[in-house]
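Labels below follow one simple rule: chain letters A, B, ... track the order of the sequence lines, proteins then strands, and each chain is numbered from 1.
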Amino acid sequence: MDFAASVLYAAAQVPRGKVTTYKMIAEALGKADSCRAVGSALNKNPDPHLMPCYRVIRSDGRVGGYALGESEKIRLLAVDGIAVEGGRVAGYRSILFRPAPVKVP
DNA sequence: ATTGGGGCCTCCG
DNA sequence: TCGGAGGCCCCAA
C-alpha cells in the first residue's frame, strides 16, 4: 500500500457529519509530520466526488483548500450538516474524528 | 493575529 | 537519474 492509497483509506473512514484533520491522518499513517504531504495526496486524488476528502480540514478549524474549489468544499460540508462560518468550521472541536491507524508495511 | 521556518511527498525540467 | 519547486500544512516566536 503506497502513501497516497493509505491517505485515501484513512480519509474514507470519516463518517458523515464528522471531520478530521490533515495532521490526524498523518498520525494515522505513523508519520506525524507529513501533514503537508497528506494534503498533496488528497489534492491529486483520482475521484474527488467519490472520495470525501472535503471532510478533512486544518487543525485550527479552517477549511483549508480543495481541488474543486474552497466554495465547493464548503457546500459539500453543508450537505453533511456541517456549517462553515467565516472560513472556519463551526464547533469543529466536537465533531472531530480520529481515523484508525493504517498499517503501512 | 501575523510571520517565518521546517519536514514530507510528488511532479516537472 | 538528479534537483528544485510547490502543495488542501503545522508550530513556535
Return the nearest nucleotide to the side chain of [X]; candidates are [options].
X	options	answer
A:A37	B:dC8, B:dC11, C:dC9	B:dC8
A:C35	C:dC9, B:dA1, B:dT10	C:dC9
A:K44	C:dC10, C:dG6, B:dC11	B:dC11

[X] to [Y] - nearest heavy-atom pair and separation:
X	Y	value
A:D80	A:R55	OD2-NE, 2.8 Å
A:N45	A:C53	ND2-SG, 3.7 Å
A:A32	A:E27	CB-CG, 3.8 Å
A:I25	A:P99	CG1-CG, 4.3 Å

Nucleotide [N], atom [atom2] - distance to [atom1] of [X] in whole Å:
X	N	atom1	atom2	answer
A:E27	C:dC10	CD	C1'	11 Å
A:R88	C:dC9	CZ	P	14 Å
A:I25	B:dC8	CD1	P	18 Å
A:Y22	B:dC9	OH	P	17 Å
A:M24	C:dC10	CE	P	11 Å
A:F3	B:dG7	CZ	P	16 Å
A:L29	B:dC9	CG	P	10 Å
A:L42	C:dC9	CG	P	10 Å

Worksheet item: Is the shortest side-chain N/O distance from A:K31 to OP1 or OP2 of B:dC9 below 4.0 Å?
Response: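 Affirmative; the distance criterion is met.
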
For nucleotides 11-13 of chain C, tabulate all protein N/O to nucleotide N/O atom pairs closer than 3.5 Å, reporting atom names and distance.
{"from": "C:dC11", "atom 1": "OP1", "to": "A:K23", "atom 2": "NZ", "distance (Å)": "2.1"}

Worksheet entry | Paired and unpaired positions of DNA chain C as dot-bracket, Watson-Crick or G-U wobble under 3.5 Å, | denoting a partner strand | .||||||.|||||

Worksheet item: Do A:K73 and A:E70 meet the salt-bridge criterion of a basic N to acidic O distance under 4.0 Å?
Response: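 Salt bridge absent between A:E70 and A:K73.
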
Practice prompt. Would you mind classifying the nucleic acid contact of A:K73 as base, sugar-phosphate or nothing, using non-hydrogen atoms under 4.0 angstrom?
Written response: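 Contact class for A:K73: base.
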
Worksheet item: Which part of the nucleic acid does A:G65 contact within heavy-atom distance under 4.0 Å: base, sugar-phosphate only, or nothing?
Response: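 Counting heavy atoms under 4.0 Å across all strands, the contact made by A:G65 includes a base.
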
Discussion item. Please check this pair: side chain of A:S6 against backbone of A:L29, looking for a donor-acceptor N/O pair closer than 3.5 Å.
Written reply: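 Absent.
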
Worksheet item: Is there a donor-acceptor pair closer than 3.5 Å between any side-chain N or O of A:E72 and the backbone N or O of A:Y66?
Response: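 Side chain of A:E72 to backbone of A:Y66, a donor-acceptor pair under 3.5 Å: no, none is there.
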
Worksheet entry | Earlier contact from the 5' end, DNA chain B, for A:A4 and A:D33 |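 Final value for this comparison: A:D33.
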
Worksheet entry | From CG (A:L42) to OH (A:Y54), nearest 0.5 Å |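 Those atoms lie 13.0 Å apart.
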
Discussion item. Applying a strict under-4.5 Å side-chain criterion to I, L, V, M, F, W and Y, I'd like to know whether A:V89 and A:L68 cluster together.
Written reply: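 Shared cluster, yes.
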
Item to complete: Can you check whether any acceptor in the base of C:dG6 is under 3.5 Å from a donor in the side chain of A:R36, or vice versa?
Response: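 Result: no qualifying N/O pair found.
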
Discussion item. For a 4.5 angstrom cut-off between non-hydrogen side-chain atoms, does A:M24 reach A:F97?
Written reply: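 Side-chain contact under 4.5 Å: no.
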
